[in-house]
Amino acid sequence: MKAAAVVLLMVSSVAGAACGRRQAPPVTVPTPPPTAGPPAVTAAPPPPPQRVEEALPVPPEPLAEDGLASRSLDELNRDSPFTPAFFALDSADRDEAARAVVVANAELLRRYPTWVVTIEGHCDERGTAEYNLALGERRAVAVKTYLVSLGIAPDRLRTISYGQEFPFDPGHDEAAWAKNRRAHFVITAK
Amino acid sequence: MRNMNDIWTGNLKVSGCLVAAIAAALAAAVVAGGLPPSTIARGALSEVEGQATGQAPAPPPASQAPQQPPEVSLVISGDPGTPPRYAVPDFVALSPDAAEMARTIAQVLWDDLAFERDFYMIPRDTYATVPAAQSAAQIPFDRWRELGADAVVFGTVRRTGDEVRVEVRLFAVRTRQQVFGKEYTGTAANPRLYAHTASDEIHLQQRNLRGVARTKLTFSSDRNRERVAGPIDNREVKEIYISDYDGANQRRITTSRQLNINPSWSPDARALAYTTFGPIPDIFISYLYRGVRENPTRGRGTNYLPVFSPDGTRIAFMSGRDGNPEIYVVNVDGSNLRRITNHPAGDTTPTWSPTGTQIAFVSDRAGAPQIYIVGADGLNLRRLTSESHADRPTWSPAPFNEIAFTARTGPGYDIKVYDLATGMTRRITFGEGSNESPAYAPNGKHLAFMSTRAGRYQVFTIGRDGRGVRQVTREGGNFTPAWSN
């Protein structure tokens, strides 16, 4: 309760500053400066608090001792830094988990801007062989589309569908099928 | 479509000129085009008998007019309401090194004649009581009659080096008349081909039926257990294979050590179109007799599931080149690319109507994938099926007017047939394993499909009435068959 009151006080104080109401702090509550930084000191109508941020860090060049940068394509793909995006049965829709995975993979693609990847669409064995080629195609394209919307250049992303040809788990149960309904990232150039 | 005249115009010497491995794989087919037959007319019977008994072998006429259309009087009938009962005893070896061939040809001819189920074939292991005839004059018709035979085949095989001469005659047991007689020559490379040729000709003469004994199947197989070159484990290659319709003479066609899937025959049975993952999936056409491989889709986008148009000039296929699976048509030389479908859902798995004016395909635009028909111009779309999941339509040849397809019937799939005239759907398989990817035989009476009923996926054939299942492949896993003309 008490904490909530303090928070309320802080919020109202900040809101007051933002609204440009007269600052008359008879009781100075030592509010920890919000990330907004030092408050405006001019007497004139105070501008809204200026957000100060660090300059964007220069994208770090992969260092020589960077484990990923020094690995060969084969090594990279054998123990891939990319996480596959998984799909629901007979669906190419990106659910929340799949979107989170693609966002993380986009970050990796930004960090290694020379990497070119092939997004492989895969299906479980419960569909038919031919239809699964189309379903895998749509899964791969769905992931590519999302990556492009996140700012990754489309020419770094190829899509193919393996349908049900190459299951990652050869099992015949739901656990195996769930692993096999996926968009798998393969690094094809670095 | 191959017609009878084509078959007789080949030259045996051709097979000696073929040197490439791919040509070797197809030597059998070339021999098929190079058998110069000579008709044994009924009037020449005594002359042939002299040869059969080993006296003064008379050279057969080098070439005569093809067999005339059957006369009604030459057709052997069975008891009313039942198919005629045929017996095919071992052929007579006229030279010592022809003994094995004589047995093989008889067994294969029995199998071929049994396949169409237009004849009742008397099991060969019941012939022991019938004395073997060394000449046509010795055929014990009375004993065959006791066995219930309406027709009996008498054949001889003579081998001279690599040259083989095979005589096949069909007798009506009741009248003791010869109703069919042909002599074939060729190499000793594939004795089964003599039986296949005789079977097709007997079916044509006796039943006015186009037999399929000389047709071939193609399918993809992982039997080599090789791995795709690359960093990801457990990716086995699939290569394209062909075989005779009965599974004999299985030959590997592709050697790319990549994923090669979904082969389909050109209508002249001289080329195969298929998808190769290199690793980008693209369509290739292998011209088997020329040893040439072409790429009509030219590496643009991803391309899958090619099928030749009935006139052999175009390929229909599925492609993701415009960002979504759609159906396209392109000329085999890569020209005149046209998009047939345009829908944000997935459109896939095309097949042509026998006239080439329509394309059946699969779309999930209504939710579950269903079979649709559209004109080859992209107009007049029509939905056919209401299954929980349908795929791989394949259009029957005339006179049948039906589309076979894969339908989910439980956890697995079965082959169903949609009759275009009545709109009725019937089932061909009934839950024995999962059954997928039907492909019609050129006479429409049979389907090839893949099934897990014997373990891993294997290729089987089955009658369009759902009877007469035969397993074609056994080695490794074998997938998505197509049947040649």
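If you're wondering where the values come from, they're calculated on a predicted model, not measured in any experiment. Just so it is clear: chains get the letters A, B, ... in the order the sequence lines come, proteins before strands, and each one is counted from 1.
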Trainee: Using the ring of B:Tyr241 (Phe, Tyr or Trp, six-membered ring only), decide whether B:Arg223 places NZ or CZ under 6.0 Å from its centre and within 45 degrees of its axis.
Mentor: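 Geometry flag: set, cation within 6.0 Å and 45°.
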
Trainee: Which atoms of A:Thr159 come close to chain B, meaning under 4.5 Å heavy atom to heavy atom: side chain ones, backbone ones, both, or neither?
Mentor: backbone

Trainee: Below 4.5 Å, heavy-atom pairs only: which of A:Ser80, A:Gly127, A:Ala129 has the largest tally toward chain B?
Mentor: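 So the answer, after comparing A:Ser80, A:Gly127, A:Ala129, is A:Gly127.
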
Trainee: Relative to chain B, which of A:Thr128, A:Thr118, A:Asp90 shows the most heavy atom pairs under 4.5 Å?
Mentor: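 Of A:Thr128, A:Thr118, A:Asp90, A:Thr128 has the most heavy-atom pairs under 4.5 Å with chain B.
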
Trainee: Determine whether B:Leu305 and A:Leu133 make a side-chain contact, defined as any pair of heavy atoms from C-beta on separated by less than 4.5 Å.
Mentor: yes

Trainee: What class does the angle between the rings of B:Phe361 and B:Tyr372 fall in, given that below 30° is parallel, 30 to 60° is tilted and above 60° is perpendicular?
Mentor: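 Judged by the thresholds at 30° and 60°, the geometry between B:Phe361 and B:Tyr372 is parallel.
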
Trainee: With a 4.5 angstrom heavy-atom cut-off, which part of B:Thr275 approaches chain A: side chain, backbone, both or neither?
Mentor: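 No part of it gets close to chain A.
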
Trainee: In terms of side-chain geometry, is the basic nitrogen of A:Arg139 or A:Glu120 positioned less than 4.0 Å from the acidic oxygen of its partner?
Mentor: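 No, no charged N to carboxylate O under 4.0 Å.
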
Trainee: With chain A as the partner, which of B:Asp222, B:Thr302, B:Thr348 has the greatest number of non-hydrogen pairs under 4.5 Å?
Mentor: B:Thr302

Trainee: If we define contacts as heavy-atom pairs under 4.5 Å, which of B:Asn262, B:Thr349, B:Asp364, B:Val362 has the most with chain A?
Mentor: B:Asp364

Trainee: Ignoring hydrogens and angles, tell me if any N or O in the side chain of A:Asn180 forms a donor-acceptor pair with the backbone of A:Pro167 under 3.5 Å.
Mentor: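 No, the answer is negative, given that no donor and acceptor are paired below the 3.5 Å cut-off.
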
Trainee: Looking at B:Ile261, B:Asp347, B:Thr406, which one has more heavy-atom pairs under 4.5 Å with chain A than the rest?
Mentor: B:Ile261

Trainee: Specify whether A:His122 and A:His184 have parallel, tilted or perpendicular ring planes, treating 30° as the upper limit for parallel and 60° as the lower limit for perpendicular.
Mentor: perpendicular

